[in-house]
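Comments concern the structure below.
Values below: every heavy atom of this structure, side chains too, minus hydrogens, waters and symmetry copies.
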Amino acid sequence: MTDEQTVRLRAHDDNIGRYRRLLQTQISDVEQIYIQSRFAEERKAFTAVGSITIATRATQ
């Protein structure tokens with residue numbers, strides 16, 4: 001895993017945690033929809049970076 005991949009994974013993980021905490025607070029329906037969307041995007045991005053990392057290891 002490269003340093004860049006590690007940094008990206010950490011950033012996505014931090015964002016996922018932030019959105020998870022926000023979803024546990026009292027927010028409007030519009031805010032909840034937006035945060036759920038961002039949460040899903042961050043999880044997808046985290047998985048994509050992780051998949052690239054695994055694929056890179058498999059080819060080495």
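For residues 2-15, there are no salt bridge (Lys or Arg N to Asp or Glu O under 4.0 Å) pairs, not counting sequence neighbours.
Here the closest non-hydrogen pair linking I27 and L23 is CD1-CD2, 4.5 Å. When all heavy atoms of F39 and I16 are compared, the closest pair comes out as CE1-CG2, 3.6 Å.
With sequence neighbours left out, R38 forms a salt bridge (charged side-chain N to carboxylate O under 4.0 Å, His left out) with E41, E42. In this structure, the side-chain hydrogen bond (donor to acceptor under 3.5 Å, both in side chains) partners of S28, at least two apart in sequence or on a different chain, are E31. With sequence neighbours excluded, the residues satisfying side-chain hydrogen bond (donor to acceptor under 3.5 Å, both in side chains) with R18 are N15.
Checking side-chain atoms of T47 against main-chain N and O of R43 turns up a donor-acceptor pair under 3.5 Å.
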